[in-house]
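I have placed the structure first, in the form of structure tokens, so that the comments after it can refer back to it.
No hydrogens, no waters, no symmetry mates; every other heavy atom, side chains included, goes into these values. Every chain is numbered from 1, with letters handed out A, B, ... down the list of sequences.
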Protein chains: 2
Amino acid sequence: MDERKRLILNAIIQDYICSAEPVGSRTLVKRHRIGLSPATIRNEMADLEEMGYLQQPHTSAGRIPSPRGYRFYVNSIMEDYILTPAELNKMEELIAAAGISLSHNPRQLAKLLAAVTSYISLIAEPADNVQEIRHINLIPLTVASAICIIVLSDGSVKHHTISIPEGVGPREIDALAKFINRSLQGIQLKNINSRLLWELKAEFAGNLSLVDEIYNLVRHQLLADAQELVMDGATNLLNEPEFRDVDKVREIFKTLEQNEQILKLMEADPRRIEDLAIKIGPEIGLESFTDCSLVVATFNLTDRKVTLGILGPSRMQYAKTIGFIRWLREYFSSGGS
Amino acid sequence: MDERKRLILNAIIQDYICSAEPVGSRTLVKRHRIGLSPATIRNEMADLEEMGYLQQPHTSAGRIPSPRGYRFYVNSIMEDYILTPAELNKMEELIAAAGISLSHNPRQLAKLLAAVTSYISLIAEPADNVQEIRHINLIPLTVASAICIIVLSDGSVKHHTISIPEGVGPREIDALAKFINRSLQGIQLKNINSRLLWELKAEFAGNLSLVDEIYNLVRHQLLADAQELVMDGATNLLNEPEFRDVDKVREIFKTLEQNEQILKLMEADPRRIEDLAIKIGPEIGLESFTDCSLVVATFNLTDRKVTLGILGPSRMQYAKTIGFIRWLREYFSSGGS
DNA sequence: TGTTAGCACTCTAATCTGTCGAGTGCTAAT
DNA sequence: ATTAGCACTCGACAGATTAGAGTGCTAACA
């Protein structure tokens with residue numbers, strides 16, 4: 001792969017990213033002022049196709065980048081993108097609009113990302129069962145119900161209404177709360193299992209059905225609690241010309257509804273460089289995402305870590321997307337709230 | 001509108017709801033064994049069109065119901081739908097799958113509704129600022145931060161991380177928590193305003209910046225907190241033949257992203273009968289929803305009220321949809337968890 | 001008088017046809 | 001090594017044609 005081929009491949013990809021149309025030799029020469037004739041370009045294109053970096057939708061059409069072409073572009077050609085003043089402005093504006101809750105509310109963050117990239121944004125809060133229980137609280141609500149609030153060491157809060165058996169008064173509830181706190185405080189989630197709970201139950205002297213209920217809650221709410229996934233900007237996909245087909249879109253949206261699958265995608269990736277992984281088309285490993293690409297990055301917010309993904313067409317503006325991510329990461333790590 | 005016209009209108013609507021194709025006189029006779037010839041039907045259809053209940057996509061096509069036709073059907077023709085055993089089964093299955101969290105987790109409920117109706121489900125938790133503060137809790141997290149948890153009388157829980165100024169120890173935090181509880185407990189949200197907070201602040205003897213932070217939190221988190229809207233089943237729309245057009249779908253999805261607008265739709269409606277409102281096509285009042293219908297119902301869950309909406313094509317299975325809603329309402333009011 | 005058979009007419013959707021143009025690969029000249 | 005020239009390919013587009021479903025009207029009928 002000599003320098004000229006790189007140049008041409010780059011030009012083709014840039015062009016295709018903008019236009020979404022197969023690019024031919026003549027148009028390429030016209031738009032990019034390369035000092036070569038269409039014929040030469042044609043030869044080079046034929047070579048690039050043979051090498052697997054380009055493909056032709058049909059014989060008499062221009063070339064479009066293959067997944068391998070994008071991969072090469074991303075790995076070896078693409079240069080850092082510096083946000084334009086307009087983009088910075090927009091970003092600042094959106095940050096201001098999101099206000100204080102940006103780093104605490106994944107939805108706000110997802111919205112921001114989708115708005116700024118115009119792709120689909122995904123935010124996953126890692127299911128991090130090294131967390132320990134910091135505090136458990138029981139707050140009576142009515143005579144027959146109370147709220148159980150559980151605070152974890154990462155600052156996240158879970159809560160659930162539980163019913164109080166007849167005849168159990170505030171005093172007993174208080175005693176129970178104290179007992180539970182003593183017994184579970186400081187224990188890592190991954191170490192909580194039925195055996196532990198069973199042992200604790202044996203120790204307790206008061207109302208058993210109540211302690212049962214709370215332990216059940218702990219088990220089901222905390223341990224089985226699925227990792228949360230927030231998404232925004234799904235409609236952005238409908239603006240891309242390659243997704244004008246309802247059936248295609250439906251398959252993609254259906255897949256997006258299966259949170260577990262998406263969360264799996266966003267897990268750590270061996271190829272990750274600088275905490276950033278890019279999966280292109282078939283690399284994603286999902287039939288319906290063949291024409292998509294996914295950029296995944298981990299992010300340190302003020303009080304916790306999140307994984308974030310940008311899902312767009314394979315014809316994605318990789319450099320710019322990564323630029324946005326880098327800028328935001330910088331913003332948060334330098335104390336942006 | 002004589003009996004025969006009702007019959008024919010009913011048949012046409014039933015047919016169109018199933019087939020999504022304009023229905024002609026001949027097909028109608030074939031499918032519905034009315035004891036009349038196509039020619040007679042044609043005359044009646046012409047009448048019904050003149051009366052505004054039917055319309056023709058073009059001269060040589062069959063008829064489709066107009067919004068007014070659907071309205072008449074819903075108001076005067078439609079009969080109660082009794083769920084089939086298969087549907088009941090499916091419902092029970094989905095309820096079992098959702099498990100204990102069904103009535104506490106609007107997402108689960110939305111999922112269930114979308115799955116069972118195969119339309120889009122919307123769930124709004126009414127912004128109900130008659131709620132009062134039941135309990136405020138401060139739980140130290142690190143030396144410099146704590147979690148503030150606020151429990152409202154309807155059982156909902158809000159929480160937020162706050163930062164602790166240097167030199168403020170657990171003891172002071174405790175004192176502060178006690179003070180705040182004393183001062184705000186039992187106060188309705190609508191009565192909390194800056195003046196009240198300012199008065200309270202004047203009373204407090206301890207660290208002022210901390211109490212400030214908490215009051216700010218109360219003001220911004222609780223009072224400015226937008227009503228929550230949960231949605232599920234958006235992809236279901238893509239299965240309907242009238243939404244094979246990406247542009248149409250995009251407009252609908254865009255509108256659905258504007259929560260305030262949707263929440264407004266789901267507010268009480270004068271036409272509501274039996275806590276159930278049906279808005280058909282243009283009645284919804286949104287350009288993009290012209291081909292949709294919306295069924296809105298209020299729902300008493302174990303511990304609170306929610307408003308729920310089913311959004312489908314105008315060609316919606318009204319009777320069945322309402323059947324599902326009624327059944328579920330019954331289920332919850334008879335103590336289904 | 002209400003119902004129906006028959007018929008001419010209308011309009012869409014689908015299919016076919018021919019043309020245009022962008023693009024290619026190959027060859028021979030530079 | 002590069003490029004001009006040329007024959008060829010294939011999809012997109014625009015008409016033209018056809019098939020079919022459906023209508024409205026009229027006249028016959030019970």
Quick one: A:Ile34 CD1 to D:dT3 C1', roughly how many Å, whole number?
15 Å
For A:Ile64 and C:dG23, give me the distance from atom CD1 to atom P, rounded to whole Å.
14 Å
Less than 4.0 angstrom between a side-chain N/O of A:Ser60 and OP1 or OP2 of D:dT9, yes or no?
no
In this structure, how many angstroms lie between the C1' atom of C:dT12 and the CD atom of B:Glu21, rounded?
12 Å
Using atom NZ of B:Lys5 as one end and atom C1' of C:dG2 as the other, report the distance to the nearest whole Å.
12 Å
Quick one: A:His58 NE2 to C:dG25 C1', roughly how many Å, whole number?
16 Å
Looking at CZ of B:Phe243 and CG of B:Asp291, how far apart are the two atoms once the value is rounded to the nearest 0.5 Å?
5.5 Å
A:Arg63 side-chain N/O to C:dG23 phosphate OP1/OP2 under 4.0 Å
no
Of B:Pro38 and A:Thr59, the one whose closest nucleotide on DNA chain C sits nearer the 5' end is B:Pro38
For A:Glu87 and A:Tyr81, test the side chains for any donor-to-acceptor distance below 3.5 angstrom and give the result as yes or no.
yes
B:Gln317 side chain vs B:Ile17 backbone, donor-acceptor pair below 3.5 Å
no
So, A:Tyr70 versus A:Ser293: side-chain donor-acceptor pair below 3.5 Å or not?
no
Establish whether the base of C:dT3 is bridged to the side chain of B:Thr40 by a donor-acceptor pair shorter than 3.5 Å.
no
Using a strict 4.0 Å threshold on nitrogen-to-oxygen distance, state whether A:Arg6 and A:Glu3 make a salt bridge.
yes
Under 4.0 Å: is that the gap between some side-chain N or O of A:Arg26 and OP1 or OP2 of D:dT3?
no
Touch check for B:Ala39, heavy atoms < 4.0 angstrom, all strands: base, sugar-phosphate only, or nothing?
base
Starting at atom CD of A:Gln55, determine the distance to atom P of C:dG23, rounded to an integer number of angstrom.
17 Å
Taking side chain to side chain donor-acceptor pair (under 3.5 Å) as the definition, give me every residue that meets it alongside A:Asn89, ordered by chain and number, with sequence neighbours left out.
none
Run the side-chain contact (heavy atoms from CB on, under 4.5 Å) check on A:Met1 and A:Phe72 step by step: do they pass?
CA-CA 11 Å; A:Met1 166 77 78; A:Phe72 185 81; 3.7 Å; yes
Here the residues of residues 42-49 of chain A within 4.0 Å heavy-atom distance, strictly under, of DNA chain C are A:Arg42, A:Met45
d(CD1, A:Ile41; P, D:dA4) in whole Å
12 Å
To the nearest angstrom, how far is B:Arg31 atom CZ from D:dA21 atom P?
12 Å
Nucleotide nearest B:Leu36 when distance is taken to its side chain, options D:dT3, C:dT24, C:dT4:
C:dT4
